Amino acid sequence: MQSMDRNTIIGFVLLGVLLFVYLFISSKNSRELEAQRLRQADSLAKIELVKQQAAQAMIKDSATQVTATLDSNATGWARHLVGTSTLHTVETDLLKVSFSNKGGQPVQVELKKYNRADSSLVSVIEDGSDQFSFPVLTAPNQSTASADLFFQLKSAQQDANGNHIIVYEATGNTGESIQQEYIIHPDSYLIDFNLRLQGTTSMIPQQNLQLQWNVAAMQQEKDARYEREQSQLILVENGEYDYFNLFSNDTESFDNTVQWASIKQRFFNSTLINKEKFDKAKFEWSTPSDDSSRMIVAVKASFEKKLPAGTQATLPMQFYFGPNDYKLLRSLGIEDMDKIVNLGQGPYAFVRPINQYIVMPVFDFIKKFFSSYGLVIALLTIFIRLITSPLVYSSYLSGAKMKALRPEIDALKAKYGDDQQTFGMEQMKLFREAGVNPLGGCIPALLQIPIFFALYSFFNSFLALRGESFLWATDLSMYDVIAKLPFHIPWYGDHVSLFTLTAVITSFLISIYNMNMTPDQNNPMLKYMPYIFPVLLLFFFNRLPSALTWYYTVSNLITLALQWVIQNYIIDHDKIVAQLAANRAKPKSKSKWQERLEQMQETQKKVQEMQKKGK
């Protein structure tokens, strides 16, 4: 804390530590994950094979002829145990949904306004990859999964408001029935799902409905590994929002009520909502052992719901198949659904208000006047640096004061040598007499750290950046690539990002400038840390969105400009020396904290002297 540079270094070190912790929390532990993957590789391969076989059997052209003819005398559940899958497709401006009579549920959901990295439409459900099911008593002591029943398409119509209403029905042996009604709204990604049960006492074991929801989230983005690292299970349990990363295999159980659960990929999600809440829930998930697999994560979700007394029951539920759009999710009016978008989670939840009430409104305001997202990011950066410029000035002013005291600090070092206790006391006395706060340059740097992490979360999850190009970057939501490497470097990757290089180079220039403006450090760690930090950024930033590395580049350029202007045209060194001299002439009063600190230092000094005499 003996110079501006040391304060800056402290800020750098803390920023680096927090950045490392953040990235460590949000990325997988490679050794543990690899071990888990190897243990489950065989089982996952079998699951994938079964899924593909089931999908091939399920997804056929609706004109396909029935291959298994039912007995004309078959009645009850027997009529629904054998058949052929046929599709019914519904389209709106937002969705294309294909339903299958097998299971009476969606087997393909495409988002018509969004494309994958390969230019095909984003498929939230693909080839029957997701499945909703519950056990049904179809004979004494025998149950059948509802997903294995061939339902009858009872009705498919469109009402006056443009809502598509699809009803599938299966009837049992003694008049019991299952109706699955879907209402697809013309301008919504939310699909109403009403499960109506008639004759529950003879159809649902012990009136306890056990719902199974299997989700196989498939790759949507260019980098499957990074998408996997961003995937999460998000839910509201007993009114409390919670989240779990899905990049490693795990299981979680919940004994309290669950209102909704979402399988979130980086920019899209599949969510099941129960308006009356589930009583219990359990989730099991696994990831493929190979990063080249198109499957991001496979989730098996189990829900329990105790049905009311009587023979009839209706469960009003909803599916959300759509983008992780903050404003859209917030407009649904469902508790905490907007938190699917990671604007700050867990230990970094404190940055969420910064994104909600500062970053996003300013970004949206600037976007009204400029169409280029790269330019909007640059202007947002300028805005942020302008409102934080007083902190920057305070930091540099503190550094200038410390620089003015450098000759006296060096004299104290020479006078007291290795006697660190006495040197510390005299140094604190010098600071107090001159009216200098040794932490004055460090605190402003710390206050800027939350802004960095807020923007890290914002740029990493902001849907509007997806597919937007700027300069050489073809997609601001992904890293830019100017060269592909023929090999993979741990932590760095197999590509070269130019925006990462510009961010690192400008950080390096800031370090050089700071070192040139302050005397050399005697501590080698403090001397070389400003050069080490940019190198660390090279590895941290190379896989991050180019929007973030572009922001960091602009921010660094502004920092260089501010440093030069403040130190050459605003801060007057002679005036600072005169001010320090004036401060020394003023009578000083010690605070209670300073008195206690000096007493502690005096006590430690006496103890050390007694120890030396004893030896």
Side-chain angles (χ1 to χ4, degrees), residues 5 8-30 221-227 229-230 291 348 374 377-378 381 385 445 448-449 451-460 465 470-516 521 524-560 563:
D5 187 57
T8 304
I9 291 165
I10 293 173
F12 274 156
V13 172
L14 290 173
L15 178 59
V17 170
L18 289 173
L19 178 60
F20 177 80
V21 171
Y22 189 96
L23 296 175
F24 181 80
I25 291 174
S26 62
S27 64
K28 61 189 175 185
N29 184 309
S30 58
E221 312 306 320
K222 179 180 179 181
D223 188 341
R225 181 184 175 192
Y226 195 67
E227 185 176 2
E229 292 172 359
Q230 301 296 314
D291 282 337
Y348 300 93
I377 292 171
T381 309
R385 296 312 307 269
Q448 296 185 62
I449 291 176
I451 297 175
F452 173 81
F453 285 109
L455 292 171
Y456 178 94
S457 299
F458 175 72
F459 289 130
N460 210 40
L465 296 176
F470 178 69
L471 299 178
W472 53 82
T474 58
D475 186 346
L476 284 170
S477 70
M478 293 289 299
Y479 51 78
D480 61 290
V481 180
I482 60 166
K484 290 288 289 183
L485 302 177
F487 47 83
H488 184 275
I489 301 175
W491 284 91
Y492 182 77
D494 60 357
H495 67 276
V496 177
S497 165
L498 183 53
F499 275 137
T500 296
L501 293 179
T502 58
V504 170
I505 291 171
T506 51
S507 295
F508 187 66
L509 292 176
I510 291 173
S511 299
I512 294 176
Y513 187 88
N514 287 337
M515 294 295 288
N516 289 336
Q521 295 287 345
M525 188 64 183
L526 293 177
K527 182 176 181 180
Y528 294 108
M529 190 61 195
Y531 302 102
I532 296 173
F533 186 71
V535 177
L536 296 177
L537 291 181
L538 179 66
F539 290 89
F540 286 146
F541 279 6
N542 204 50
R543 293 182 61 235
L544 298 184
S546 52
L548 182 63
T549 47
W550 166 236
Y551 155 79
Y552 207 78
T553 298
V554 176
S555 180
N556 285 345
L557 291 172
I558 296 173
T559 296
L560 287 168
Q563 284 181 331

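Since we're looking at a predicted model, the values are computed, not measured.
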Asks: Kindly assign one of parallel, tilted or perpendicular to the pair Trp491 and Phe540, based on the angle between their ring planes and the thresholds 30° and 60°.
Replies: perpendicular
Asks: Is there side-chain contact between Leu509 and Leu560, with heavy atoms separated by less than 4.5 Å?
Replies: yes
Asks: Can you tell me how far apart OH (Tyr551) and CD1 (Ile451) are? Round to the nearest 0.5 Å.
Replies: 6.5 Å
Asks: Restricting to ring pair (Phe, Tyr, Trp, His ring centres under 6.0 Å), what partner residues turn up for Phe470, sequence neighbours left out?
Replies: Trp550
Asks: Show the nearest heavy-atom pair for residues Thr502 and Thr506, with the distance to one decimal.
Replies: O-OG1, 2.8 Å
Asks: Could you tell me whether the side chains of Arg385 and Thr559 share a donor-acceptor contact shorter than 3.5 Å?
Replies: yes
Asks: For the atom pair CZ (Arg225) and CD (Gln230), what is the distance rounded to the nearest 0.5 Å?
Replies: 12.0 Å
Asks: For Tyr479 and Tyr226, what are the C-alpha separation, side-chain angles and deciding distance, and is it a ring pair (Phe, Tyr, Trp, His ring centres under 6.0 Å)?
Replies: CA-CA 11 Å; Tyr479 51 78; Tyr226 195 67; 7.8 Å; no
Asks: Mind listing the closest non-hydrogen atom pair of Ser546 and Asp480 along with its distance?
Replies: CB-OD1, 3.7 Å
Asks: Nearest 0.5 Å, please: how far is CG in Leu455 from OG in Ser555?
Replies: 9.0 Å
Asks: Say you draw a straight line from OG1 of Thr553 to CG of Leu498; how long is it, rounded to the nearest 0.5 Å?
Replies: 8.5 Å
Asks: Between atom CG of Leu548 and atom OG of Ser477, what is the distance when rounded to the nearest 0.5 Å?
Replies: 12.5 Å
Asks: To check you understand the geometry: which heavy-atom pair defines the closest contact between Asp494 and His488, and what is its length?
Replies: N-CD2, 4.1 Å
Asks: Is the gap between the ring centers of Phe452 and Tyr552 under 6.0 Å?
Replies: yes
Asks: I'd like to check the salt bridge (charged side-chain N to carboxylate O under 4.0 Å, His left out) partners of Asp475; sequence neighbours left out, ordered by chain and number.
Replies: none
Asks: Do Leu501 and Leu538 touch side chain to side chain, with heavy atoms closer than 4.5 Å?
Replies: yes
Asks: What are the two closest heavy atoms between His495 and Asn542, and how far apart are they?
Replies: NE2-O, 2.8 Å
Asks: Checking Phe458 now: which residues fulfil ring pair (Phe, Tyr, Trp, His ring centres under 6.0 Å) with it, not counting sequence neighbours?
Replies: Phe363, Phe462
Asks: My understanding is that only residues two or more places apart in sequence, or in another chain, count here; which of them pass side chain to side chain contact (heavy atoms under 4.5 Å, CB included) with Leu485?
Replies: Phe487, Ile489, Tyr492, Val496
Asks: What distance do Thr500 atom OG1 and Leu544 atom CG have between them, rounded to the nearest 0.5 Å?
Replies: 7.0 Å
Asks: Got a sec, which residues hit salt bridge (charged side-chain N to carboxylate O under 4.0 Å, His left out) with Glu221, two or more places apart in sequence or on another chain?
Replies: Arg466
Asks: Once side chain to side chain contact (heavy atoms under 4.5 Å, CB included) is applied, do any residues pair with Ala547, and if so which ones, sequence neighbours excluded?
Replies: Ile377, Phe459, Leu465, Leu476
